[in-house]
Structures are given as C-alpha cells and as structure tokens.
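Taking it in order: structure first as structure tokens, then the write-up.
Hydrogens, waters and symmetry mates play no part in the numbers below; they use all other heavy atoms, side chains included.
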Amino acid sequence: MHFPSKIDPSSNFFAILFSAFTAVVIVVAVAKRSLPLYLLSAVIAFVCIYYFIGPIFDTCYRLEKEGLRVKSGFFFNKLFDYGEIVAVDAIQSRKFAPALSKERLRIEFLRPDGPQILQISPIREEEFLKELNLHIQFAKDHPELSTTKH
C-alpha cells in the first residue's frame, strides 16, 4: 500500500522561499555575466531541489511484502524489515527526517548494526498503522521470511 507524506504549510513556504532566492541569484548572475554567481546559483538550485522541492513531491511510504519502503526526494530510498520494528509512537518533531509534517510516527528498529530511529508522517495515519501492525505481526509469526541478513 502507498501512503504519501503529510505536508505542513511550512514545508511549502521554505520551498517557495529557496526557489525565489535561487531565481534572484540566477537573474543577477545573468545580468552581471558573472561565472562565480552562475556557480553559486547552480549550487543553490541543487540544494533547493535536493532538500526542499524533491521531497515535497516525492516523499512516500510503501508497505511492501519485503518491508516498509521509505522514499524521499531523489536519493533517499530505503527498505526496513518489519521484523526489526520494536516500537511505533506518535510524536511531534521538526527534526530532519523523511517526513514533511511535525505530526509524525517514530518507528524504532533493532537492526543487526544497532538500534535505529525513523520518523515518518503518512497521510491516513490510522490506516497506515493498522496495515503496518498486520505486517509486523506476520513478520513475528514467520521470522524465516525475514529479509534481514543476520
């Protein structure tokens, strides 16, 4: 099942703010024909797209057969084994995470390399939790199907 991320208005605000700033730097670079400003505008545009615009349009959570897939932006795409989940709590946080809302789920994993915390903010949170709990229970009942390499 596919669950897009909730998006707080502040996430859109920062994307618009950085996009406007990038546009201003590009206009100034073109007007002054300045190579350093061209390079600066390219760096700012990359940062803007990578951290703000990409995640807004592409942050989602998928409950797949193999595990919980978290995708955010162009480069973050990870699969988490249901059998490693030890706790799920509702929290409010602004910590940097693949979540675009301050209303989040904090998922704690016990992985072979140590504990890990993941914060996500799926739309239809109750439906997500219901489905996630079914997957977690199935993973506990069938540990031989785990995708984790121990």
To the nearest 0.5 Å, tell me how far [X] [atom1] sits from [Y] [atom2].
X      : Y      : atom1 : atom2 : answer
Ile136 : Ile107 : CD1   : CD1   : 7.5 Å
Leu68  : Leu79  : CG    : CG    : 7.5 Å
Asn77  : Arg62  : CG    : CZ    : 9.5 Å
Glu125 : Leu132 : CD    : CG    : 11.0 Å
Ser93  : Gln119 : OG    : CD    : 4.0 Å
Ser5   : Ile120 : OG    : CD1   : 8.5 Å

Query raised in the report: Do you know which two heavy atoms are closest between Ser101 and Arg104, and how far apart they sit?
Result: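 Minimum heavy-atom contact is O-NE, 2.7 Å.
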
Report task. Provide the closest heavy-atom pair for Thr59 versus Ser72 in the form atom of the first, atom of the second, distance. Result ->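 So the two residues come closest at OG1-OG, 3.0 Å.
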
Heavy-atom check, side chain of [X] versus side chain of [Y], under 4.5 Å:
X      : Y      : value
Leu118 : Phe109 : yes
Lys6   : Pro122 : no
Glu84  : Pro112 : yes

Query raised in the report: Is Leu129 reachable from Phe3 through a run of I, L, V, M, F, W or Y residues, each pair having side-chain heavy atoms under 4.5 Å apart?
Result: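 In one cluster: yes.
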
Query raised in the report: Same cluster or not: are Ile123 and Leu63 linked, directly or through other Ile, Leu, Val, Met, Phe, Trp or Tyr residues, by side-chain heavy atoms under 4.5 angstrom apart?
Result: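 Result: no, two separate clusters.
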
Requested in this report: Check Tyr82, Phe128, Phe80 against His135 for a ring pair (Phe, Tyr, Trp, His ring centres under 6.0 Å) and give me the one that passes.
Outcome: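 With His135 as partner, Tyr82, Phe128, Phe80 yield a single ring pair (Phe, Tyr, Trp, His ring centres under 6.0 Å), made by Tyr82.
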
Report task. Not counting sequence neighbours, which residues clear salt bridge (charged side-chain N to carboxylate O under 4.0 Å, His left out) with Glu131? List them please. Result ->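 Glu131 satisfies salt bridge (charged side-chain N to carboxylate O under 4.0 Å, His left out) with no residue once adjacent residues are dropped.
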
Requested in this report: Output, in order, the C-alpha distance, side-chain angles, deciding distance and verdict of side chain to side chain contact (heavy atoms under 4.5 Å, CB included) for Ile117 and Glu108.
Outcome: CA-CA 5 Å; Ile117 302 295; Glu108 185 176 344; 3.6 Å; yes

**Report entry** Enclosure of Glu126 CD (heavy-atom neighbours >12, cutoff 6.0 Å)
**Finding:**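 Open: at most 12 neighbouring heavy atoms sit under 6.0 Å from CD of Glu126.
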
Query raised in the report: Side chain of Tyr61, backbone of Ser121: donor and acceptor closer than 3.5 Å?
Result: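 Yes, because the side chain of Tyr61 sits within donor-acceptor range (under 3.5 Å) of the backbone of Ser121.
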
Query raised in the report: Between Gln137 and Asp141, is any side-chain donor less than 3.5 angstrom from a side-chain acceptor?
Result: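 Indeed, the side chains of Gln137 and Asp141 share at least one donor-acceptor pair under 3.5 Å.
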
